[in-house]
Each structure stands twice: as structure tokens, then as C-alpha cells.
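Okay, structure first, notes after.
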Amino acid sequence: MLVSIVQRHTALTAAQKAMLQELSTRSEKNFARLDDIEWVVTKEKLQVTVAVRLRARSGVFRARASAANLSLAAHEAIGRVLTQRRRTKRSVVDRRDDETRKGVGRRRPLR
């Protein structure tokens, strides 16, 4: 897996880069064959904006988040990517030949 960190208008410390690296390695368990992940960190006045682009076998996922510090923004961005992955996976599971949708405890027809 290739992890790239791009810094705009800010300089990240070694601890901040390690935190982004750790988030990248922890997200590997949620994606089948994670190819690369790119973090773009931008500082604008008092806000830190983190954009993440993640490419895996299941697709390309992008998210952006702004917060007061890097940690909050990075966690929110990766959370949004995981939400996108969950929705994509659910849509694939819901596509069935018999036109039913997986429900809680039983299968019900699509509306």
C-alpha cells in the first residue's frame, strides 16, 4: 500500500504524519486490496482541512473534512470514506436476482 501525504500552507510534525500513517494502516482491514491512499492537509486561518482519496479493488473513495485540529479532521474524513464503502457494499448485496432486499431477520421485496 502506498501512502502519500501532501501539505499545503502548513508543515506537519512527525507525530502528525505518524497519526495519518496509522489511520491508513487501520483502514486496510475495511478494504479488500487497498492500493493507495492520499492525504491532502490544508491550513486556512484557524481551520485544518483534510481531503483523503482512497483507491482499492472495490473502487475509489474521496472525502473532505474541516476541523479545528488535524486529528479531528482526519478521523472525520476517514469516517466518511468508511460510510461510502458501507453504502457501496450494501448496494451490491441488495442487488439480487429475485429482486428482494436483505432486511433484518428476513428478506422483503423492494419497494
All salt bridge (charged side-chain N to carboxylate O under 4.0 Å, His left out) counterparts of [X], not counting sequence neighbours:
{"X": "Glu28", "value": "none"}
{"X": "Arg26", "value": "Glu22"}
{"X": "Arg87", "value": "none"}
{"X": "Arg80", "value": "Glu76"}

Residues at least two apart in sequence or cross-chain that pass side-chain contact (heavy atoms from CB on, under 4.5 Å) with Ala18, listed by chain then number, are none
For Arg53, enumerate each residue passing the side-chain contact (heavy atoms from CB on, under 4.5 Å) test, keeping only those at least two apart in sequence or located in another chain. Asp36, Glu38, Arg55, Val60, Arg62
Is it the case that the side chain of Gln16 and the backbone of Thr13 share a donor-acceptor pair, with hydrogens and angles ignored and the cut-off at 3.5 Å? yes
Derivation of the side-chain contact (heavy atoms from CB on, under 4.5 Å) call for Ser58 and Lys89: CA-CA 9 Å; Ser58 55; Lys89 189 172 183 179; over 6 Å; no
Looking only at non-hydrogen atoms, find the nearest pair between Ala67 and Ala73 and report the distance. CB-N, 3.7 Å
Linked hydrophobic residues, [X] as query - side chain contacts closer than 4.5 Å:
{"X": "Val40", "value": "Val6"}
{"X": "Leu20", "value": "Met1, Val3, Ile5, Leu12, Met19, Leu23, Phe31, Leu34, Ile37, Trp39, Val41, Val48, Val50, Val52, Leu54, Phe61, Leu70, Ile78, Val81, Leu82"}
{"X": "Leu46", "value": "none"}

Pairs flagged by ring pair (Phe, Tyr, Trp, His ring centres under 6.0 Å) wherever residues 65-86 is involved - sequence neighbours left out: none
Residues two or more places apart in sequence or in another chain: which of them pass side chain to side chain donor-acceptor pair (under 3.5 Å) with Thr49? Ser66
